[in-house]
Amino acid sequence: MDTFAFIIHPIDPKRDVSRKFPLLGRVLTEKQIDFFSTYFPPVYFSEIEGIRSAATGKEIKGWLIACPYTPRRMLELSEQTVYRKIIQTGHLAERLGANILGLGAFTSVVGDAGVTVAKALEVPVTTGDSYTVAVAVESMRAAAHLMQIKMEDATVAVVGATGATGRICSELLAGEAARLLLVARDVKKLEDLRDRLKSRASLSGGARPQAELIVSTNMEVLAEAQLILTVTSALHAVIRPEVLQPGSVVCDVARPRDVSAMVAAVRDDILVIDGGMVDVPGSVDFHFNFGFPPGKAYACMAETMALALEGRFEDYTVGKEITLERVQEITSIAVRHGFRLSGFRSFEREVTEAQIETVRRNAKRGRRRA
């Protein structure tokens with residue numbers, strides 16, 4: 001049987017540590033968890049079984065394993081120290097017999113986005129970012145439809161546009177939106193991205209006009225957007241409630257989150273969704289609660305699973321450059337094996353049709369007052 005392993009790590013330290021070690025999660029403070037994570041070894045969490053391809057009937061099994069570092073600790077320590085811990089976790093995957101290894105959350109973006117880790121391991125590696133991009137953009141389209149926003153008439157913002165995930169999301173959305181706001185911290189990188197998107201549009205010669213492209217380092221520009229896709233690697237929330245317009249959709253792909261819980265708490269006229277949740281084919285059992293309902297997984301996890309079902313045991317999505325061709329290929333592979341965009345979730349809770357209707361109603365009221 002073909003196999004895979006997927007690396008997770010604590011993002012919300014007390015909550016996530018409590019899921020595996022209830023006593024430690026209850027007793028230790030966040031600062032103590034940050035400190036002790038430096039010395040904690042990689043952790044075996046669970047075996048994953050029941051994944052079955054809808055196309056071939058092939059079954060695979062996998063393992064959830066944990067790199068103990070928190071995001072804050074990964075940024076505090078040297079890259080080489082973080083690499084060593086991720087590589088140690090990768091060696092655990094090798095000992096388990098994994099044919100491919102997925103890097104989750106911050107382990108996929110630290111340093112050179114998996115290149116150094118892949119070189120140090122015999123098991124092939126993927127960050128899962130190609131399928132994450134595909135599912136994030138599909139989520140945005142679906143949410144726009146529910147909120148009665150036409151993509152071809154909308155202003156769409158990508159926050160964190162110059163990162164690996166943000167660049168390819170921008171490329172996909174540039175062909176669909178009326179205006180595209182590219183938001184990040186580095187003006188030079190933003191201008192380079194804008195020029196690259198313009199160049200691609202002129203080379204493609206498509207029938208549909210390219211979106212108007214606007215670059216900004218100021219988050220206030222989000223007030224102009226009806227649809228926002230946010231994919232930064234920030235440690236803390238970067239999206240503030242006061243800059244958002246009524247009826248807008250915010251798709252948060254980042255972990256840790258870019259959108260603070262305060263946005264949902266004080267703005268009942270905005271739809272905030274978590275990007276990247278998919279249904280896994282078969283009767284999958286993770287034997288561990290990582291915060292999703294049964295049978296569902298992050299898109300980055302799903303990429304690792306889909307590659308195992310396909311028998312594609314190679315370094316797949318690594319490094320800072322994600323290509324459109326690779327996004328299209330993994331989407332085709334995932335769809336063939338039965339992975340599908342799941343329902344929306346927001347702050348680890350299901351988004352119901354009643355909630356969406358409430359947001360639509362409140363947004364109309366807000367627009368009338370504006």
Side-chain angles (χ1 to χ4, degrees), residues 131-161 165-183 197 201 206-214 219 221-232 239 241 243-254 257-259 263-264 267-279 299 324 327-328 331 335 340-347 349-367 370:
Y131 195 46
T132 294
V133 166
V135 172
V137 173
E138 189 180 354
S139 298
M140 177 70 83
R141 294 188 192 112
H145 177 73
L146 286 175
M147 290 296 293
Q148 300 167 356
I149 299 169
K150 293 182 178 180
M151 290 279 286
E152 62 270 24
D153 298 330
T155 297
V156 181
V158 178
V159 183
T165 305
R167 282 197 301 271
I168 195 69
C169 285
S170 300
E171 187 173 332
L172 287 165
L173 291 166
E176 299 184 36
R179 297 173 75 227
L180 186 63
L181 309 178
L182 306 172
V183 185
L197 294 176
R208 192 184 183 285
Q210 169 81 0
E212 178 187 358
L213 301 173
I214 298 164
M219 299 293 280
V221 75
L222 297 183
E224 302 174 21
Q226 291 85 48
L227 302 169
I228 300 166
L229 183 65
T230 182
V231 289
T232 81
I239 307 289
V243 301
L244 305 175
Q245 62 172 266
S248 56
V249 174
V250 185
C251 180
D252 191 350
V253 184
R257 298 176 187 279
D258 282 341
V259 181
V263 174
R267 293 295 302 271
D268 58 5
D269 57 352
I270 291 168
L271 179 62
V272 180
I273 59 172
D274 301 336
M277 188 172 74
V278 298
D279 291 323
L324 184 59
V327 171
Q328 292 168 337
T331 301
V335 168
R340 297 288 185 272
L341 176 67
S342 189
F344 298 125
R345 285 173 69 76
S346 183
F347 300 98
R349 289 193 176 93
E350 179 187 4
V351 178
T352 66
E353 178 56 42
Q355 288 172 304
I356 293 169
E357 179 54 39
T358 298
V359 171
R360 283 196 295 249
R361 187 171 58 251
N362 291 337
K364 288 179 182 176
R365 189 178 303 129
R367 293 191 195 102

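For Ser248 and Gln245, the side-chain atoms include no donor-acceptor pair closer than 3.5 Å. No side-chain donor from either of Thr230 and Asp252 sits under 3.5 Å from a side-chain acceptor of the other.
Residues passing the side chain to side chain contact (heavy atoms under 4.5 Å, CB included) test with Ala142 are Leu341, Phe344, sequence neighbours excluded. Scored by the side chain to side chain donor-acceptor pair (under 3.5 Å) test, Ser346 finds no partners at all (sequence neighbours excluded). Judged as a salt bridge (Lys or Arg N to Asp or Glu O under 4.0 Å), and not counting sequence neighbours, Glu138 has no contacts. A search for side chain to side chain donor-acceptor pair (under 3.5 Å) contacts involving Thr165 returns nothing, not counting sequence neighbours. Residues meeting the salt bridge (Lys or Arg N to Asp or Glu O under 4.0 Å) test with Glu350, sequence neighbours left out: none. Arg267 meets the salt bridge (Lys or Arg N to Asp or Glu O under 4.0 Å) test with Asp269; sequence neighbours excluded. Listed by chain and number, the residues in a salt bridge (Lys or Arg N to Asp or Glu O under 4.0 Å) with Arg340 amount to none (sequence neighbours excluded). Looking at residues two or more places apart in sequence or on another chain, you find a side chain to side chain contact (heavy atoms under 4.5 Å, CB included) between Glu212 and Arg179, Ile214. For the side chain to side chain donor-acceptor pair (under 3.5 Å) test, residues two or more places apart in sequence or in another chain that qualify with Glu357 are Arg360. Legend: residues meeting side chain to side chain donor-acceptor pair (under 3.5 Å) with Arg345, ordered by chain and number and at least two apart, are absent. Judged as a side chain to side chain contact (heavy atoms under 4.5 Å, CB included), and not counting sequence neighbours, the contacts of Thr331 are Tyr131, Ala134, Val327, Val335. In terms of the side chain to side chain contact (heavy atoms under 4.5 Å, CB included) criterion, residue partners of Ala225 (sequence neighbours excluded) are, by chain and number, Thr155, Ala157, Leu181, Ile228.
With values rounded to the nearest 0.5 angstrom, Leu173 atom CG is found 10.0 Å from Leu182 atom CG. Of the inter-residue distances, the one linking Met140 atom CE with Cys251 atom SG reads 5.5 Å to the nearest 0.5 angstrom. Note: Leu227 CG to Leu222 CG = 12.0 Å, rounded to the nearest 0.5 Å.
Looking at Leu146 and Glu353, their side chains come closer than 4.5 Å, going by heavy atoms from C-beta outward. Between Leu180 and Val158, some side-chain heavy-atom pair lies under the 4.5 Å cut-off. Side-chain contact between Val250 and Val263 is absent, with no heavy-atom pair separated by less than 4.5 Å. The closest side-chain heavy-atom distance from Ile239 to Leu244 is below 4.5 Å. Using a 4.5 Å cut-off on side-chain heavy atoms (C-beta onward), Cys169 and Val137 make contact. With contacts defined as side-chain heavy-atom distances shorter than 4.5 Å, the pair Glu171/Leu197 qualifies.
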For this session: Could you check Leu229 against Val156 for side chain to side chain contact (heavy atoms under 4.5 Å, CB included), going step by step and ending with a plain yes or no?
Result: CA-CA 8 Å; Leu229 183 65; Val156 181; 5.6 Å; no
For this session: Quick one: do Asp153 and Gln226 satisfy side chain to side chain contact (heavy atoms under 4.5 Å, CB included)? Show the steps, please.
Result: CA-CA 10 Å; Asp153 298 330; Gln226 291 85 48; over 6 Å; no
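Annotation for Val231 and Gly160: closest pair CG2-O, 3.7 Å, computed over non-hydrogen atoms. Contact detail for Ala177 and Ala154: the closest heavy-atom pair is CB-O, 3.9 Å. Residues Met147 and Ile356 share a closest heavy-atom pair of SD-CG2, 4.2 Å.
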